[in-house]
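What follows is a single structure, written as structure tokens, with notes after it.
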Amino acid sequence: MTATPPVVPPVVTRFAPSPTGFLHIGGARTALFSWLYARHTGGVMLLRIEDTDRARSTPEATEAIFEGLRWLGLDWDGEAISQFARAPRHAEVAHEMIARGTAYRCWSSVEEIEAFRETARAEGRPPLFRSPWRDADPATAPDAPYVVRLRAPREGETVVEDVVQGTVTWKNETLDDLILLRSDGTPTYMLAVVVDDHDMGVTHVIRGDDHLTNAARQTLIYRAMGWDVPVFAHIPLIHGPDGAKLSKRHGALGVEAYRDMGYLPEAMRNYLARLGWSHGNDEFFTTEQAISWFDLTHLGKAPARFDFAKLENLSGQHIRAADDAHLLAELEAFLAAQKRPPLTEVQRSQILRAMPGLKERARTLLQIIDMASFILVSPPFAMDEAATKALASVPPETLEKLTSRLRNVTWAASDLETIVRDFAAAEGLGLGKIAQPLRVALSGRTVSLGVFDMMEILGREQSLARLDACIKAGS
RNA sequence: GGCCCCUUCGUCUAUCGGUUAGGACGCCAGAUUCUCAAUCUGGAAAGACGGGUUCGACUCCCGUAGGGGCUGCCA
């Protein structure tokens, strides 16, 4: 007899940002974890825009979230869902709860509630509002707008089984009768989240630690409706370098800011995945590896600090590992996004040939561009003091002598190197003494790719022209 | 204030009662070298503190301290 395999429902995760700004780095990581888990399990990740706060939600912010996710390469399944559009459904559930007796109408004014809290605080009691309408005679109900409150249990405890935080318990007396429906009939976040997650069939709620307390309140709503509670995974927040909450000063920038700094999306995914999750000692990995390795059991419990140095190192590793054509494509997309002029055909092919040298020196696309300035910027170069000095370290006659020897040789890096080395030896100079002025003549800088590689990439004509120009300027 | 969570090198982390506490970034020194990178070798660097439990605690329990979150008719 063969055992029937247990029926495991497919995993459904969701990312549910509120469109009140850009997609910040913490949200991006939450999205990444939800995405990795869905892809790892062969499940789906849904996207829901929590736009019930009409005053703060904007279409621009929604678009920024889409854009950020797209750049990061995090695709979601199906159409993004607007929470606001589901308000009628939320209200319907609230009224069903009233009918079930798990919620009630409350006519207390905000002033009354405020006064209640103040005296409670003054008397040292917990400032949990206790509505007089919870057990009021329905006959006394005024004909006026009301809010709908959850009839939360006052005894016993509520337990959240969190895969990251473990078993977390609250005494029910510390939880209040939260508002489900505002006096204008619109749903609150607490209700909307539960109804949507339930209706969307979400099995795993992966979100920031800041929602842990909300998980208890939401559990109450699930129970009141007799719904299954999803698996919760509350991941620790990302902090700034000083340990405090991430501010704009640190890394709380929109993901597009990282794109603008020239980080590769694959590097961003790698870095973010490593912040709070681990797979043994693996630091550098591809997205495919992350998908196959990702699980919820190796998530850390402590908040992590954002570290640009490590991100940059990882970015450098991804650039070095990327193939040249891919990098060129990323570079051109970057240039376009930065509204910089596109590459000419010549520049494209030169950069492609320079790529092996460029990518081992750069940690961001911005650095590739900078290192490729000998291709992108045409002479005469604006030289700094060190460059001018290096160029003048050798008399123009020496440079002229060398240049004339280069006029009719095979134009390949290795041959050029032999010739220059021989020349330096004949002049009684170290190669460095000759290479440095050469470098400046070719690139206008004291830091660049290898001089022979640059000569080969630039070609005979351009290389000699640059040398001639320097000789002319120097004599 | 109340409730809840967290705490291993500067940073990200491994460890799931027995390790010289490992790796990575960064840092320092050296090698290589036409500059810069890259690469290689070596080095400094950690269990917040105090109590327990145990033959034995980074690991389990309690307390303290520090950090964080929630405490809205925001999400």
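Proteins get letters first, then strands, A, B, ... in listed order; numbering begins at 1 in each. All values below come from the heavy atoms of this structure, side chains included, with hydrogens, waters and symmetry mates left out. Predicted model only: the values in this text are computed from it and were never measured.
- Residue Ile113(A) contributes atom CD1, which lies 6 Å from atom P of C73(B) at whole-angstrom precision.
- Within the 4.0 Å cut-off from OP1 or OP2 of A75(B), not a single side-chain nitrogen or oxygen of Asn214(A) is found.
- Here CH2 of Trp107(A) is found 12.5 Å from OG of Ser183(A). Values are rounded to the nearest 0.5 Å.
- If you take CG of Asp422(A) and P of C34(B), they are 14 Å apart, rounded to a whole angstrom.
- Atom CG in Leu358(A) sits about 15 Å away from atom C1' in U35(B), given to the nearest Å.
- No contact: Pro17(A) has no heavy atom under 4.0 Å from any strand.
- Comparing the same atom, P, in U8(B) and in G47(B) gives a spacing of 11 Å after rounding to whole Å.
- Taking atom CD of Glu157(A) as the reference point, atom P of C3(B) lies 14 Å away to the nearest angstrom.
- Leu212(A) comes within contact range of the sugar-phosphate backbone alone, with a heavy-atom separation under 4.0 Å but no base atom that close.
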Strictly under 3.5 Å: I want the nitrogen or oxygen pairs between protein and nucleotides 39-48 of chain B, one per line.
| from | atom 1 | to | atom 2 | distance (Å) |
| --- | --- | --- | --- | --- |
| U39(B) | OP1 | Arg320(A) | NH1 | 3.3 |

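- Remark: the Arg361(A) side chain and the U35(B) base include a donor-acceptor N/O pair separated by less than 3.5 Å.
- Here Thr213(A) does not reach the OP1 or OP2 of U71(B): none of its side-chain N or O atoms lies under 4.0 Å away.
- If you check the side chains of Arg269(A) and Thr287(A), you find a donor sitting under 3.5 Å from an acceptor.
- At a threshold of 4.0 Å, the pair Asp384(A)-Lys389(A) does not count as salt-bridged, since none of the basic side-chain nitrogens sits closer than that to a carboxylate oxygen.
- A donor-acceptor contact under 3.5 Å is formed by the side chain of Ser183(A) with the base of C73(B).
- The side chain of Arg421(A) places an N or O atom within less than 4.0 Å of a non-bridging phosphate oxygen (OP1 or OP2) of C34(B).
- Contact of Asp209(A) with G69(B) (side chain to base): no donor-acceptor pair of N or O atoms is detected under 3.5 Å.
- We find the CD1-CD1 distance between Ile368(A) and Ile351(A) to be 9.0 Å, quoted to the nearest 0.5 Å.
- Position along RNA chain B of the nearest nucleotide to Ser109(A) versus Leu299(A) favours Leu299(A) as the more 5'-ward residue.
- Not less than 6.0 angstrom separates the ring centroid of His90(A) from the ring centroid of Tyr189(A).
- Across the strands present, A46(B) finds no partner; the criterion is a Watson-Crick or G-U wobble pair with both atom distances under 3.5 angstrom.
- Between the CD1 atom of Ile235(A) and the C1' atom of C5(B) there is a distance of 14 Å, given to the nearest Å.
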